[in-house]
Structure formats: C-alpha cells, structure tokens
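Computed over heavy atoms, backbone and side chain alike; hydrogens, waters and symmetry mates excluded. Everything numeric in this text was worked out from a predicted model, so none of it was measured. Every chain is numbered from 1 and lettered A, B, ... according to where its sequence line falls, protein lines coming before strand lines.
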There are 2 protein chains.
Amino acid sequence: MSPRTEKQYQEIREEKRKLIKDKALELFALEGFDKSSISKIAKRAGISKGLLYNYFDSKEALLTAIIFEQVDIMMSFFDTNKDGVLEKHEMEYFIRQTFKLLKENPEFWKLYFMLAFQPNVMKLVEEKFMDIVQPMLERTNEFFKREGYQNPEVWTRYLGAILDGISLNYVVDPNNFPLDEIENLVVKQICGTNK
Amino acid sequence: MSPRTEKQYQEIREEKRKLIKDKALELFALEGFDKSSISKIAKRAGISKGLLYNYFDSKEALLTAIIFEQVDIMMSFFDTNKDGVLEKHEMEYFIRQTFKLLKENPEFWKLYFMLAFQPNVMKLVEEKFMDIVQPMLERTNEFFKREGYQNPEVWTRYLGAILDGISLNYVVDPNNFPLDEIENLVVKQICGTNK
DNA sequence: ACTTTTTGGTTGAACGGTTGGTCAAAAATA
DNA sequence: TATTTTTGACCAACCGTTCAACCAAAAAGT
C-alpha cells in the first residue's frame, strides 16, 4: 500500500509542474532564455535545483512544455465551427482573438519572439508549430481569394506580418502602444467594418 | 623610432576591427548572441582570442560597436533634404529605403530583433537609439496629420509595427517571403500610389 | 494509541564542461 | 634593437545536470 493515493501524488506533481512553468516563463520574459539559469528558476519557484529535474528532464524540456501548453490554449481558442471556411465575421473573430491572447499573456509572446531568433532552440518546436499554423494560413488564403484579392497568398503573409509587428511592438512597450485603436484599424482594413 | 608609422598602424587596426565586427555579426546571426563565444568569434575571424581583446574591451563593446556602425549607416541614408517636412514622395522614399536596407543587411536586422528581446543588453544602446528614432517618428506624425488622418500618432505606430512585422518575417524566412510585392502594398496603402 | 515501514517528494553538494577575460612570452616589423 | 602585434595556456565564475541522502506523511502492524 502507498502512503498516499495515486490521485494525491498526481495532484502534487501537477501543481508543482504548473508552478515551475509559470515562474520559468516569468524569468524568461524578464531576462531571456539563456540568462535564466536553472538555479535562478528554481529559486524563483521556491524549490531546490534538484527538484526541478524531478519534474522536467532538462531545461529544453521545460521550455517546450511551456510552449506547447500555450499552443494548446491557442488551438482551443481557434477551434471554431470547423467547416473549413473562414467567413468574414470569423476572420474578424480570428483577429480579435489574436489581440485578446496578446493582452492576456504578453509574457508568452515575448518568449515566442525571443525564440524565433534563436535558431537552435526554435528547431525543437518548429515542426509541431507548423502543423498548427499551416491550416490557419490555408484558410486565410481562401478567405482573401473569396474576397477577390489579386494575390491572396501575398495578403496572407502581409496580414501575418502585420499581426506579428503589432504583437512585437505591444510586447516591447505595452503601456504606450495604442493596441485597441490599432486592433480596430486592422479589422477595418481586412474586414471592411468599423466598430 | 617606431617600427611602422602612426598612420600604418591605424589603418591596420581599423581593418582588423572591421574584420572582427563582420565575422562576429555573421556568427551572431547564425547562432545567437549568447551562443557566440569569444573563442568562436576569434576562430571565425582567423585570429586568437587574446587579440580580439586588443581591439575590443569586452564582448559587449564589440556588440555595441556593431550596432552603432549600422546605426550610422542608417542615419546617412535617411539624411535627406533636412527641411523638417516629410512630403508624400519623401515618405515613399523613406519606406523604400527601409526595405532596401533590409534586403542589403538581413543579418544585422536579425541581430537587432534578437537584442530587442534581451532586456539587459538592449539598455546599453536604448538611449542613443531613441535619439535617432524620435525625429523620424515626429516627422511621420506630421505627415499623417497633414494627410488628414484622424489619429496621426496611432497611424505612426501602426506603420512602425507594419514595417517591423515585415522585417521580422523576411529575416526569419527570406527565401519564401514575398518582400517586393508587400513593399508595393505598403507604399500603395500609405502613399496611395501603385508602381 | 503508538511505533514501524514504506513511499516518493525534496535537498544541495559535487561534477565536468564552457564562458568571458587576463597575461607573460613570442613573433613580426622597420 | 625597439616597439607592437599576436598567441594560447590559464583563471575564476557559472552553467546544466546528477545523485546519495533526507524528510513528511500515510498505511500497516501491534
């Protein structure tokens, strides 16, 4: 017989994992991935260095766990009616959701941009990331084609670039960047409505 | 008596400095700032580690030298007629120059984005950087005001975000990003002309 | 009720490797 | 020879990672 039930142990493990991930993300956003040593992460989480390795096999494993946790959240948000067609109102929903996620968790997006420029690290998650992004790009492509744009694939990449640029500027300087006004500008430009 | 004249030594020193800066930038873009050790930079430049410290006081000094060299090049490019007014054709020139610099030296912009998300490092250059960016922002502000936009300062930040996002996407994936087509889209949208 | 056993979470010293940076000596030049 | 460039072994500090030992708490035994 076990001193504690299986469920009790699982709860403890899950809570600690969540704690470590949260504190690590904080530090990554604050000091960058390389400057955030395991010791500092452990100290911030209030645990010993050794215990961190009881929960994550390596620093990289910790990083990918953080990323894929957030990716899963993203997927659940973008899982709309699944009919494969992106209506104009769905495009507006898509854009506004992007801004919503940005406002809710700027720390993650800071980490995301950091990694986009760390070639070695990005390769760890690139493949799985692409699996998620690719369908979005295709649906966006079809949207612009249906709307009568001359170069739909160019506009898809343009929209992606615009959203990236906005995210980048907001994350770097959240207090001074007029996010809500620009959200409306983008929606107006792409969806032709002005709320 | 000196073994070589003062002028000879200065020329040699300047050439070596340039060599080191170039090779360091290559490596930074390839592997990131933290992963580019002094030893690796020296090896890539074909010199010893010790000699690198004859030319740059520290790794940080090398980094800031690279950045400010590029900033100086930028300034010389944007130094137009200096009348303080940004005409529509000057705005188009401004935008197209931005794209030109991007195509000419993507490695530098990769480094620039890398650093934008390394808070500690960015603070070294933040102040001098702002001195250069601020006048551009003000002139852009006045441009949008003169063109009759309702929220000129929002549009200034929007344009900045768009250019950042495009640069980011191009630098990450230069072979597949349709830079020229998107350049024309931006110019058309902001300046109302289609070349 | 109380002691013992069992379990797995928890610790921090220790390890091999790498880093940015130093320096005495050697090579090169005129 | 006199001066400067150039070298690479060397250093302390820190890195990610490991591991033997420890601890808190629940179940089992009495």
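The CZ-P distance, from F33(A) to dG16(D), rounds to 8 Å in whole Å. Atom CD in E14(A) sits about 13 Å away from atom P in dG9(C), given to the nearest Å. In this structure, the NZ atom of K40(B) is 14 Å from the C1' atom of dG20(C), given to the nearest Å. One interatomic measurement links the two molecules: CD of E31(A) to C1' of dC14(D), which rounds to 14 Å at whole-angstrom precision. Taking atom NZ of K43(B) as the reference point, atom P of dG8(D) lies 10 Å away to the nearest angstrom. The interatomic distance linking L52(A) (CG) with dC19(D) (C1') rounds to 16 Å, in whole Å. Between the CG atom of L19(B) and the C1' atom of dT6(D) there is a distance of 14 Å, given to the nearest Å. Summarising the geometry, the separation between CZ on R17(B) and P on dT5(D) is reported as 13 Å, rounded to the nearest angstrom.
Considering only side-chain N and O atoms, K49(A) lies nowhere under 4.0 angstrom from the phosphate OP1 or OP2 of dG12(C). Using a 4.0 Å cut-off, some side-chain N or O of S37(A) falls inside it from OP1 or OP2 of dC15(D). For Y53(B) and dT6(D), the shortest distance from a side-chain N or O to OP1 or OP2 is not below 4.0 Å. At the phosphate of dT18(C), neither OP1 nor OP2 sits under 4.0 Å from any side-chain N or O atom of K35(B). Distances shorter than 4.0 Å separate none of the side-chain N or O atoms of R13(A) from OP1 or OP2 on dG8(C).
Distances were taken from every side-chain heavy atom of I12(A) (C-beta onward) to each of dG9(C), dG12(C), dT6(D); the shortest belongs to dG9(C). Of the candidate nucleotides dG20(C), dT10(C), dT7(D), dT7(D) has the atom lying nearest to any side-chain atom of I47(B).
Within 4.0 Å of Y55(B), counting heavy atoms only, lie sugar-phosphate atoms of the nucleic acid but no base atom. Residue-level contact check: I38(B) touches the backbone only, with heavy atoms under 4.0 Å from sugar-phosphate atoms and none from bases.
Inspection of the Q189(A) and Q189(B) side chains reveals an N or O donor paired with an N or O acceptor under 3.5 Å.
Here R139(A) does not pair with E90(A) in a salt bridge; the nearest charged N to carboxylate O distance is not below 4.0 Å. Electrostatic pairing of R96(B) and E92(B) counts as a salt bridge here, judged by a charged N lying under 4.0 Å from a carboxylate O. Between D173(B) and R157(A) there is a salt bridge, since at least one side-chain N of the basic residue sits less than 4.0 Å from a carboxylate O of the acidic one.
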* Apply side-chain contact (heavy atoms from CB on, under 4.5 Å) to the pair K103(B) and Y170(B), showing each step before the final yes or no. => CA-CA 9 Å; K103(B) 276 181 270 191; Y170(B) 174 68; 3.9 Å; yes
